[in-house]
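A short write-up of the structure that comes next.
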Amino acid sequence: MSEILKTRQALTGNEAFAYAMKQINPDVVAAYPITPATEIVQIFSKYVADGEVDTEFVAVESEHSAMSACIGASAAGARVMTGTSSQGLALMHEMLYIASALRLPIVLAEVNRALSAPINIHCDHSDTMGSRDSGWIQIYCENANEGYHSLIQAVKIAETVNLPVMVTLDGFIISHGMEVVETLDTDAVRQYLGKRKPMYNVLDYENPIMVGPLDLPDYYFEHKRQQIEAMRKAKAVIEEVVTDYNKRFGFDFPVFAEAYRMEDAEYAILVMSSAAGTMKEAVDIMREKGKKVGLVRLKVFRPFPFEVLQELFKNVKAIGVMDRADSVNTMGGPVFNEVRSALYDLNSRPRIMNFVFGLGGRDFPLSDALYIINRVKELKEGKSLDFVEYVGVRE
Amino acid sequence: MADNFSISLKELAKRNKGLASGHRACAGCPFPAIIRMTLSASDYPVVVANATGCMEVTTSIFPFGAWPVPWIHSAFENAAATISGVEAAYKALVRRGEIPSDKKVKFIAFGGDGGTYDIGLQALSGAVERGHNFLYILYDNEGYMNTGIQRSSSTPYGASTTTSPAGKVLPGKLQHKKPIVDIMAAHGMPYVAQASVSHWNDYVKKVRKALSIEGPTFIAVYSPCVPGWGYPENKSIEVAKIAVETGFWPLYEVENGYYKINYRPRNPLPIEEFLKSQVRFAHLLNHPEAIEEIKKFIEQRWKFLEFMEKRREIEGIKEDV
Ligand SMILES: Cc1ncc(C[n+]2csc(CCOP(=O)(O)OP(=O)(O)O)c2C)c(N)n1
C-alpha cells in the first residue's frame, strides 16, 4: 500500500466517534441524544448543517424510533449508523433483535453508561451487557483511538457478514477524555469502505419482497439457525477485516483480545475497555517485583471468542475476571460467567474468580488494580476465596 | 373534493393490485378490500410498512406472503418510524444518484387502532412532525383484534371487549373514542381524512389525494371486525355503512387545517340501528342511559365538525386549499 496519510488529532471519545462517522458519511443517521453520547449526535448534526456530509439525518423522537428508522433505512439498502447509551440502548432493546434477525448491517456508536435505577449517568457496562443476546456483534474499545478505527472497521464487518455491530467506549472516562487519535485520510476511509451492497432492498419495487413476515413454528427455528450461523462466521470476518486493516494502514490493533505480558504468566487478569489501562500499569508494577502476572483485554464480546481465550489461558493457574456489570444472578458478572464456561474444557483448568468493579462510574484506582492482582495471586497459591468480590464498594 | 382524484370502479378493477388469494384474514374481514383499493388507487409504485396486528399476521405468514409490493414489518408501535427510515434512505439514495430522481415511489404505512391511537402514537406523531413524505393509513376496527379483542383507546363507549367486559357492575368500556383524526390534524399536516370501507369512492379519492401530496398525510378508514364486533360475516360493509348513516363515523377531511364534511346522512338512522347490529353492544340495549351517552357523543362530534367547517366560510375561502 502506498503512503497513507494519517493525522494526529487531539479528540475526545465522542469526537473520535463523530469524526469517524463524518468520514464514513453514511446514507442515513437516525439518532436521539443521551448523556454521555449526546455529543456524537450534536457534532454529527453540525456536520450535516455545514454540508460536510450529505447524510440524511433523521432527528427522531426516541431511541425506539431511532432504531426503527435505522431498520427501515437499512432494509432500503442504505448505509446506516446511530449512537446511544444506557436507557437509550435499553429503549432500543426490542428493535435490536429485529435489526439482527433481519440481517441489517447497522452500526451503532455506543457509550457505556449505568442503567437506572437509581439514575446515574456514569460508566459501567450494564447497558450493553443487557443486549448481549440480541444478536449484535459487540466490540469494546480501550480508548478513543481504538474506538475511531473500530467504528470504521465495524462498517466493513457488518456489511460483510450482514449483522449489526455496536462499538463501545466507556462513558465520560473515554467519551469525554481527550487523547491523541491517529485518524486516516477521509479519502482512504471512503475508498476502503466503498459502497454497500445490500443483501436485499425494499425499495426495489420491480422485485418486491416482504421483510419481517410472521414466522410460525415451521420456519422460525431455521431462520434463527441461519442467524446464529452468521454470528459464528463473523469470527472469521472480524479476523480478516482487522488483520487487513492493520496491514493496509499500518496498525497493530488486536483482533479479539489483547494479550499483555502473557508469555510466561502464571496467573492473569481479564478485563474489558478503559480499565485495561490502569490494569496494565498494575501488571507492570507487579512484574517489576518479579510476579509472573499477565493481562488479557477482551475486545470482542459477541461473538464470544472462546477459542482465543482457551489458547491464551491454557498455561495459567489462576484468573481474575473483571466485570463492570453484574448479572444479579448471585454468581457473578456476565463476562465472568462466559469466561468460566469457555475454560471448563481445558485439561489444566485454572482457578477463576470474579471482581465486579466500577458500577455507576465508581473510580477504579491503581490500588484496587493491585489488590485484584494480589487476590488472584492468593488464588493461584491455593487460598480459598469467595468466587465473586465487589471491589471499591463500601460494605 | 376536487374531482381529478376520482377513478371509476371499472378502472380500479382493471388495475386490481391487491393481496394474493390465500391470505388468512377472517372471512368477511374488510381490510383485504382496503388494501386492494389502496394499492389500486396509487398511480405510483409503493413501498409499505405494516404495524404488528391482524393485517400483518394474516397477510405475511412465511412463506405465503400475500403482498404484491415491497413490504416491511418490524414491530407493533413503529410503522411510522420504520417508514421514516425507508423514506430517508430513498431521499439519501436519490441525492447520491443511486436511484434515478424520476423514479417516484410512494410510502405507505398501515396500522391498526392499537398501533396508531395507543402504543404507536408517539412514533406517528414524531414522523409527522419531521415531515416525512408518507401516507399513514389507520384501519380502525376499534380494538386489539389480533390479541383477542381487547379495548383500545378507539373502542367506543359501552362496547364489551375482553379487557372492558360488560359485567354485573360495569357496562363495558367507560370512555369514548379518542379523536385521532383531529389529533393528527392538530399536527398541521397537509392532509388528514376519515373514510369508511363502505364508501369506496370517497376512500379511493382520499387515498389518491393523499398520495398526490408531498409530506405526511393520514387517513383513518373504518374497518369493522366480524369476530370482534359480533355480526354475520357477510355484513361488514353494511355495518360500516350503518356507522356512517347513524352519524357515528362521519366522513370528513382536513386540508391544511380546513375541515370539510364529505357526507351528511340525509335522514340519519337512529344510533340503536348501529348498536343492534353487533354483539359487543348487545348488553346496552337495556341501558338507555348508556345509549344517551353515545348520542351525546355523536352530537358533540358533529357540532365540532360543523364548527370547524365554518373556518373556510369565515375566512372567505372558496377554493380547495
Ligand atoms: C410492544 C408490544 N406489545 C404488545 C404486543 C402484542 N400485540 C400484537 S398486535 C396487538 C394488538 C393490535 O391491535 P391493533 O393495532 O388495533 O390491530 P388489529 O390487530 O386490531 O388489527 C398487540 C397488543 C406487541 N406485538 N408488541
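Computed from a predicted structure; not experimentally measured. Throughout, a chain's letter reflects where its sequence line sits, starting with A, and its residues are numbered from 1. Reckoned from all heavy atoms, side chains included, excluding hydrogens, waters and symmetry mates.
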Q. Just checking heavy atoms, which of residues 54-72 of chain B are less than 4.5 Å from chain A?
A. B/Glu56, B/Val57, B/Thr59, B/Ser60, B/Ile61, B/Phe62, B/Pro63, B/Gly65, B/Ala66, B/Trp67, B/Pro68, B/Val69, B/Pro70, B/Trp71, B/Ile72
(Q) Would you say that B/Ser125 contacts A/Glu61 through its side chain, given a criterion of any heavy-atom pair below 4.5 Å between the two side chains? (A) no
Q) side chain to side chain contact (heavy atoms under 4.5 Å, CB included) with A/Pro303: which residues, sequence neighbours excluded? A) A/Ile137, A/Met231, A/Ala234, A/Lys235, A/Ile238, A/Val300
Q | Side chain proximity check, B/Phe107 to A/Leu203, heavy atoms < 4.5 angstrom | A | yes
(Q) Less than 4.5 Å to any heavy atom of chain A: does that hold for the side chain of B/Glu87, its backbone, both, or neither? (A) neither
Q | Top contributor to chain A interface from B/Ala88, B/Ala75, B/Gly85 [non-hydrogen pairs under 4.5 Å] | A | B/Gly85
Q) Counting only heavy atoms not in B/Lys17, do more than 12 sit closer than 6.0 Å to its NZ atom? A) yes
Q.
At under 4.5 Å between heavy atoms, what parts of residues 204-211 of chain A are in contact with chain B? List them by residue number.
A. A/Asp204, A/Tyr205, A/Glu206, A/Pro208, A/Ile209, A/Met210, A/Val211
**Q.** Interface residues of residues 46-56 of chain A facing chain B - non-hydrogen atoms under 4.5 Å apart
**A.** A/Asp54, A/Thr55, A/Glu56
Q | Top of B/Glu129, B/Arg130, B/Lys103 for chain A proximity - count of heavy-atom pairs under 4.5 angstrom | A | B/Arg130
Q. Which is it for B/Glu98 and A/Lys195 under the side chain to side chain contact (heavy atoms under 4.5 Å, CB included) test, yes or no, and what are the steps along the way?
A. CA-CA 10 Å; B/Glu98 283 167 46; A/Lys195 271 193 185 142; 3.2 Å; yes
**Q.** B/Glu77 side chain reached by A/Glu94 side chain, heavy atoms, under 4.5 Å
**A.** yes
(Q) Rounded to the nearest 0.5 Å, what separates atom CE in A/Met95 from atom OG in B/Ser74? (A) 3.5 Å
Q) chain B heavy atoms under 4.5 Å from A/Ala59: which part of the residue, side chain, backbone, both or neither? A) backbone
Q.
Would you compute the distance between atom CG of A/Asn201 and atom CD1 of B/Ile99 and round it to the nearest 0.5 angstrom?
A. 7.0 Å
Q. Top residue by heavy-atom pair count (under 4.5 Å) with chain A, among B/Gly126, B/Ala123, B/Ala80, B/Ser84?
A. B/Ala123
Q: Heavy atoms only, distances under 4.5 angstrom: which of B/Val47, B/Thr52, B/Val48, B/Asn78 has the most pairs with chain A? Name it, please.
A: B/Asn78
Q. Between the side chain of B/His73 and the main-chain N/O of A/Pro213, is any donor-acceptor distance below 3.5 Å?
A. no
Q: Measure across A/Asp27 and B/Arg96 and return the closest heavy-atom pair with its distance rounded to 0.1 Å.
A: OD1-NH1, 2.6 Å
Q.
Run the side chain to side chain contact (heavy atoms under 4.5 Å, CB included) test on A/Val28 and B/Lys91 for me, step by step, so that the C-alpha distance in whole Å, both residues' side-chain angles and the decisive distance to 0.1 Å come before the verdict.
A. CA-CA 9 Å; A/Val28 176; B/Lys91 264 197 223 150; over 6 Å; no
